[in-house]
Each structure stands twice: as C-alpha cells, then as structure tokens.
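Shown next, in structure tokens, is the structure this report addresses.
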2 protein chains.
Amino acid sequence: MKGMYFIDKGLVKVHKKWGLDKELILRIARNGDIVGHRGLGGDLIYPVSGTALEPTDVCFVDLEFFNSTLKVNQELLFALMMFFAAELKESEKRMRNLAHMPVKGRIANALLFLKNKFGVTSDAAINLLLSRQDLASYTGTTYETLFRIMNELAEENAISMTGKSIVILSEDILLGHTKDN
Amino acid sequence: MKGMYFIDKGLVKVHKKWGLDKELILRIARNGDIVGHRGLGGDLIYPVSGTALEPTDVCFVDLEFFNSTLKVNQELLFALMMFFAAELKESEKRMRNLAHMPVKGRIANALLFLKNKFGVTSDAAINLLLSRQDLASYTGTTYETLFRIMNELAEENAISMTGKSIVILSEDILLGHTKDN
DNA sequence: CGCGCAGTTGATCTTCGTCAAAATGTGTGG
DNA sequence: CCACACATTTTGACGAAGATCAACTGCGCG
C-alpha cells in the first residue's frame, strides 16, 4: 500500500544503509514532519528506513486519500511545498559539508544544528536521543573517529561530556570549525 | 528584490563555493526548473551561485507575484511541490554517496545520471556542457583525481574519451562501481 | 568471579588531496 | 609558417585525514 506517515508525536531518524555496516542519517523528523513521502515521486522507489528514537505516534496516510485531500486543501499543499523546500535547502547544505568540510567541522555543525533544533532545555545541554553511533552516522563518519574528535572538542573546552550527555560550552569555538577558508 | 528565476531555455549549474578554490555543484537545472527558490524559506538566506552553461533565457519572478499566483493556481503549486520533492530525493541520494561511496563510484554515478538526464543524442555520447572542472565539482572531488579515475574507467572500457567528449561504452561496468556491499 | 558489551585508545593502511613538474595545446605577433 | 608565451591537461611524488583493525578498559549482570 502506498502512502506516507505523518509524525504525530515523537522523533524518527530517517536513514539509509550503505553496504553492510555503513549508514547515513538523512534527517531527523519530529512531530509535524512527514516520513515516507518519496512514494510521491512516482518513479523508482528509493527505499529508506525510519527508526523511532523514542515512543512515537505516527499516522499513515494513504496516497489516494492524500492526493485527494491536497486537491481541496490549499493550505496543506502550500505547507507541504514549503516543507520540501526547507528540507531541500538543508539537504544541500549538508551535501556541501560532506563534500568539502573536514570531519571536525561536520561534527561541530551537527552539534549546533541538533542543539538548535532539538535542544529542549534552556541550558546548553543537548539531551539527544541520538547515540554516539547515530551521531557518527549523521555526520557521515565512524564511531571511532567521532570519539577522537569529540575528545578534541572537549579539550578545546568547546563541549563537555559526562556519560551520555553532551553540553555545549562555547558555540563560538564550534562555529570556528565550520568556517571555510 | 526578492524572487526567483524560472529557466525558460538553457542550462544552469547551481553551485556553492567553499573556501577559495573549492565548490560543489548542487544541481544542474534546465528549462522548466527553478533557480533561486531559497528565498522562499524566509529564514536565513543561503547564498548559492548560478552559472549558465549555454545561452540561457531566464525569467525573474517577483516573490509577491509568485505567492499571489500560487494562491489561485492550484496546478502550479502542486507541480512545485512535486518538483521540490523530487529534488530532495535526488539530493539525499547524493548526500549518501558523498558520505560513503568512493570517488570512482560517485563519478560512475554522475556519468550515468548526466547521460540519463541530459544526454540528448541517441548514442551513448554525453555531450555535456560540463567541463572537467565542473564534473569534478559535481562529484565533490578535484580536477586531478577526476582525470585519474576517468583514465581508469577508460582502461576498463567503461567509457571512451576523445577530446572533450565522453562516450559511455558500458553502463554495466559503471553500475558495478556504484554498488554497495 | 567470569562473561559480554559499549566505550576507548593505539597502530597501521588506504584513499585521495596537494603540490609541482612535464607535456600538450592554443593563440599571437612577426 | 614559425617561434614564443601562456593556458590547459596530464603525470608523478608526497603527505594528511580518516577508515580499519585490533587490543584494552571499564562496568553491569548473571
């Protein structure tokens, strides 16, 4: 059955495997976002996986129903268009980062982005539901490399780590790593 | 003035610089496509450059006008939504390739993609308007590396090169390089 | 106490980027 | 038509970033 999922509550990572042990997290979707919209395109299916990072409620929407709803709901259609446009922008940013930015920069970038988008608490703690493995997958690197870089960042007093939690101490230092030339 | 460009005729590469001498070609747009739509998002501007690869006619559309047109033109809005969805899908594919696929695979991929999308002639020749430098930028590698890989591909009889033109001899061999695991 | 597993560190190896030189092409003026 | 300057393409050597592999640590848990 073709269709897509609206996320009602929760957090879902959308990822795509490569080979046996490599994956890239394409994006992290939360409530209000859409997952599985690729069925829209119509042409070849491009399978991606979605994994809930916390107890999550999703709502499956049949493609037929979706399309007919769009026809009468201008608002929804517009919102959807904007959603895709924003996702595309974000995706293109990350594409360039993957192409030319060194790992350290990509990690710094990711921390800032995740903090900004998902940091619920007022302090700088990123109470991510992402594991270290997920962080590595998100930045397109390996588990081991992620550690080393995180340690470097900790030594620079850009972040601090106690157990699972990561706290950003200095956004400026992180930003410094994301600068080009 | 805010707005965007519709490409009426021609070919435009959309690229983004990194540092002094690095760039990534985000996508290649042709007639019917839209360039500069990032103004839509509303939030921070993310500047990208567009360069015409051949004599190109574009049509500037004021954002105000565009928005008001969308309100009354359901068809256009829907088409736009689909356009973004398709671009996003493509972008996410390339993102994963950049993250995990070796250069050779990315180049093979790019050749197949470009042939498929822009190969006008019936034979396998890709009469690209892209220079070698552009190809390198598109695959996120350097000029020199691109050469070496292209030579390897030629030695494998996957492609042949005479002067500027590139001919795909075997899609299968190219496909082989794009396989994971 | 021993087993297993995530976290951590160390050592090596590969890929690819970088820099520089050589080869080849291209234009220009005599 | 040739000689020279200059740009582009091609090849070579080297080095750095990061992946890979393997060992070691702590730590929970039966």
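These numbers were taken from a predicted model, which means no experiment stands behind them.
- A straight line from OH of A:Tyr143 to C1' of C:dT9 spans 13 Å, rounded to a whole angstrom.
- Residue-level contact check: A:Lys22 touches the backbone only, with heavy atoms under 4.0 Å from sugar-phosphate atoms and none from bases.
- No engagement by A:Gln133 is indicated, since no non-hydrogen atom pair under 4.0 Å with the nucleic acid exists.
- For D:dT11, the OP1/OP2 oxygens have a side-chain nitrogen or oxygen of B:Asn151 closer than 4.0 Å.
- The CD-P distance, from A:Glu152 to C:dG10, rounds to 13 Å in whole Å.
- Between B:Leu20 atom CG and C:dC19 atom C1' there is a gap of 16 Å when expressed in whole angstrom units.
- Of the charged side-chain nitrogens involved, none lies within less than 4.0 Å of a carboxylate oxygen, so that B:Lys16 and A:Glu92 do not count as a salt-bridged pair.
- Here A:Thr145 does not reach the OP1 or OP2 of D:dG18: none of its side-chain N or O atoms lies under 4.0 Å away.
- Summarising the geometry, the separation between CE on A:Met150 and P on C:dA6 is reported as 18 Å, rounded to the nearest angstrom.
- Separating the NE2 atom of A:His177 from the P atom of D:dA17 is a distance of 14 Å, rounded to the nearest angstrom.
- The side chain of A:Arg148 sits closest to D:dT20 out of C:dG17, D:dA19, D:dT20.
- A salt bridge links A:Glu23 to A:Lys13: at least one charged side-chain nitrogen sits closer than 4.0 Å to a carboxylate oxygen.
- You won't find any donor-acceptor pair under 3.5 Å spanning the side chain of B:Glu144 and the base of C:dC16, going by distance alone.
- Here D:dA19 presents its C1' atom at 16 Å from CZ of A:Phe147, a figure rounded to the nearest Å.
- For D:dG18, neither phosphate oxygen OP1 nor OP2 lies less than 4.0 angstrom from any side-chain nitrogen or oxygen of A:Thr142.
- Atom pair A:Arg106:CZ and D:dA19:P shows a separation of 7 Å (rounding to whole Å applied).
- From B:Ile173, atom CD1 reaches atom OG1 of B:Thr178 across 12.5 Å, with rounding to the nearest 0.5 Å.
- Taking the charged nitrogens against the carboxylate oxygens, A:Lys9 and A:Glu54 have no contact shorter than 4.0 Å, which rules out a salt bridge.
- Taking the ring axis of A:Tyr138 as reference, the NZ or CZ atom of A:Arg94 stays within 45° of it and closer than 6.0 Å to the ring centre.
- Across the protein-nucleic acid pair, A:Ile149 atom CD1 and C:dG7 atom C1' stand 17 Å apart, rounded to whole Å.
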